[in-house]
Protein chains: 2
Amino acid sequence: MPKVSDAYREARRDEIARAAMRRLGSQGFARTTMSDIIEESGMSAGAIYSHFASKAEIAQHVARLTVGTKVEELIDLATSAQPPLDPVQIISFVLGAAQEAGIPPTLLLQVWAEATVDAGVREIVVETVERLRGAYGAAIEPWLEAKGRQTDAASVQSVVDTMIGLSQGFIVKSALFGRDDPMAYLSGVAELLR
Amino acid sequence: MPKVSDAYREARRDEIARAAMRRLGSQGFARTTMSDIIEESGMSAGAIYSHFASKAEIAQHVARLTVGTKVEELIDLATSAQPPLDPVQIISFVLGAAQEAGIPPTLLLQVWAEATVDAGVREIVVETVERLRGAYGAAIEPWLEAKGRQTDAASVQSVVDTMIGLSQGFIVKSALFGRDDPMAYLSGVAELLR
DNA sequence: GTCTATAATAAGATAGAC
DNA sequence: GTCTATCTTATTATAGAC
């Protein structure tokens, strides 16, 4: 297997998955048919099935592209900031990055829902949330330290769970009510923290 | 139309919707077929279609039963508590009630996802979230007052948005990782509030 | 790898008897 | 209102030529 072939193959898979994503956000997984994906991609059924064995496999690739984005790189910036970013800044940083990456919240919500039904998608989503937990943990520790708070694993993780919850809540809100500004959404947290 | 007939009709509709709900949490809307609902309900296709015009109509009734539960009654208790309940107590109260009502978080997540795709379901979900916002607002005001915080509409709403976000985040977490204890989930909020 | 045409099946919904 | 049987359509996936 030559290297070029692999790269081409992966590029083609991404191309198909991205075509699917353009419909999934508004139609959901079930209502997006193979015909839709064929039409949207400009390819043929045969071409698509030469890259994916089934529609479910496409769904899993979509999940990877959607929730599996370079979390760590984003957080690298957060951890090196001086003075340390506070929880609200960290969350709005990540949410803003997701927005700028062009991932519609409706699509994220669809992927989460699909994760409760498709084991392959679930694995991808769970793994990504775990990575995000790690990243939030690393990003928030400097702030906790600067504030003289406890920085043992349990304390950090409980704060991280709250941050994850707020992030997911923002996605749900945006998916249901339309795109929103993370900073405005998080103003209530600042209000609570006073 | 005699009164008995209406009551019977509504009871029958609930019966069908509840049969559907038993499958929806694990299978999702798309993978739950009419055959599934027929089987689970013990009725026949004809019987079901005499009460619902389509599968989408069943989905909307499910949404009503799932997210449209007596939010206000729950909050009545919260508003009258002395001393006033704090944000964490209010949220865990509502989340605990949802758990005890036997609504699986996976089903809630499915309904939210369906709301982004089905306008009828969306309307029901949006309306319910609005009611929940009102209820959270009423429940949190005594606490804000006791703490000497601002109680103008904008300030209250920003705190409420955070509470809603945390609630929805808890549902997403529970749906993906399995049932969880609201109090434990919210310990991070207390940690932040210190 | 990719195409067109099509097979195989499954799904939502209805007809007509009771 | 409810049942059984069935119609119609849409959908996933494959076959076989290029």
Side-chain angles (χ1 to χ4, degrees), chain A residues 1-24 26-63 110 113-114 117-121, chain B residues 1-24 26-63 110 113-114 117-121:
Chain A
M1 271 196 200
K3 190 92 195 187
V4 234
S5 174
D6 274 14
Y8 175 77
R9 191 176 169 74
E10 200 52 30
R12 211 76 168 124
R13 282 168 66 93
D14 283 3
E15 196 180 339
I16 294 163
R18 277 181 210 291
M21 286 165 71
R22 265 172 259 135
R23 300 253 177 156
L24 284 170
S26 58
Q27 295 182 191
F29 278 94
R31 292 160 119 114
T32 302
T33 67
M34 289 304 293
S35 306
D36 288 334
I37 299 174
I38 289 163
E39 195 183 319
E40 187 73 41
S41 68
M43 301 181 198
S44 67
I48 287 173
Y49 276 97
S50 78
H51 290 284
F52 290 100
S54 67
K55 188 183 163 184
E57 217 175 77
I58 298 178
Q60 287 166 29
H61 200 77
V62 166
Q110 295 291 343
E114 188 70 8
V117 162
D118 178 312
V121 172
Chain B
M1 272 196 196
K3 189 93 197 190
V4 233
S5 173
D6 274 15
Y8 176 77
R9 191 177 170 73
E10 201 51 33
R12 211 76 168 122
R13 282 167 66 92
D14 284 3
E15 197 181 337
I16 294 163
R18 279 180 209 292
M21 285 165 70
R22 264 172 259 137
R23 300 253 178 157
L24 285 169
S26 58
Q27 295 182 191
F29 278 94
R31 292 160 121 114
T32 301
T33 67
M34 289 305 293
S35 307
D36 288 334
I37 299 174
I38 289 162
E39 195 182 318
E40 186 74 40
S41 68
M43 300 182 200
S44 68
I48 287 173
Y49 276 98
S50 79
H51 290 284
F52 291 100
S54 67
K55 186 183 165 184
E57 218 174 74
I58 298 179
Q60 287 166 29
H61 200 77
V62 166
Q110 295 291 343
E114 188 70 8
V117 160
D118 178 314
V121 172

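In what follows, every chain begins at residue 1, and chains take the letters A, B, ... in the order their sequences are listed.
- Rounded to whole angstrom, the span from the CZ atom of B:Arg13 across to the P atom of D:dT2 amounts to 13 Å.
- In this structure, B:Gln27 atom CD and C:dA11 atom P are separated by 10 Å, rounded to whole Å.
- Applying the ring-ring contact (aromatic ring centres under 6.0 Å, His included) rule to pairs touching residues 27-51 of chain A yields nothing, sequence neighbours excluded.
- Rounded to whole angstrom, the span from the CD1 atom of B:Ile38 across to the P atom of D:dT6 amounts to 16 Å.
- Legend: residues meeting side-chain hydrogen bond (donor to acceptor under 3.5 Å, both in side chains) with B:Arg13, ordered by chain and number and at least two apart, are absent.
- For A:Arg9, the listed nucleotide lying nearest its side chain is C:dG1; candidates were D:dG1, C:dG1, C:dT2.
- At a threshold of 4.5 Å between non-hydrogen side-chain atoms, the residues B:Glu10 and B:His61 count as touching.
- Applying the side-chain hydrogen bond (donor to acceptor under 3.5 Å, both in side chains) criterion to A:Arg18, with sequence neighbours excluded, gives no partner residue.
- Taking side-chain N and O atoms only, A:Arg31 has no distance below 4.0 Å to OP1 or OP2 of D:dT11.
- A:Arg23 pairs in a side-chain hydrogen bond (donor to acceptor under 3.5 Å, both in side chains) with only one of the listed residues (A:Asp36, A:Thr33, A:Thr32), which is A:Asp36.
- Taking atom CD1 of residue B:Ile16 and atom P of nucleotide C:dA13, one finds them 14 Å apart after rounding to whole Å.
- Atom CD of B:Glu10 and atom C1' of D:dG1 are 16 Å apart (whole Å).
- A straight line from CD1 of B:Ile37 to C1' of C:dA13 spans 13 Å, rounded to a whole angstrom.
- In this structure, CD1 of B:Ile58 is placed 13 Å from C1' of C:dA11, rounded to the nearest angstrom.
- Checked against side-chain hydrogen bond (donor to acceptor under 3.5 Å, both in side chains), B:Glu57 has no partners two or more places apart in sequence or in another chain.
- For the pair B:Ser50 and D:dG1, the criterion of a side-chain N or O lying under 4.0 Å from OP1 or OP2 is not met.
- Pairs engaging residues 41-50 of chain A under the salt bridge (Lys or Arg N to Asp or Glu O under 4.0 Å) rule: none recorded [sequence neighbours left out].
- Note: CZ (A:Arg12) to P (C:dG1) measures 10 Å, nearest angstrom.
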Scoring nucleotides 12-18 of chain D by protein non-hydrogen atoms under 4.0 Å (B base, S sugar-phosphate only, - none) yields SBB----
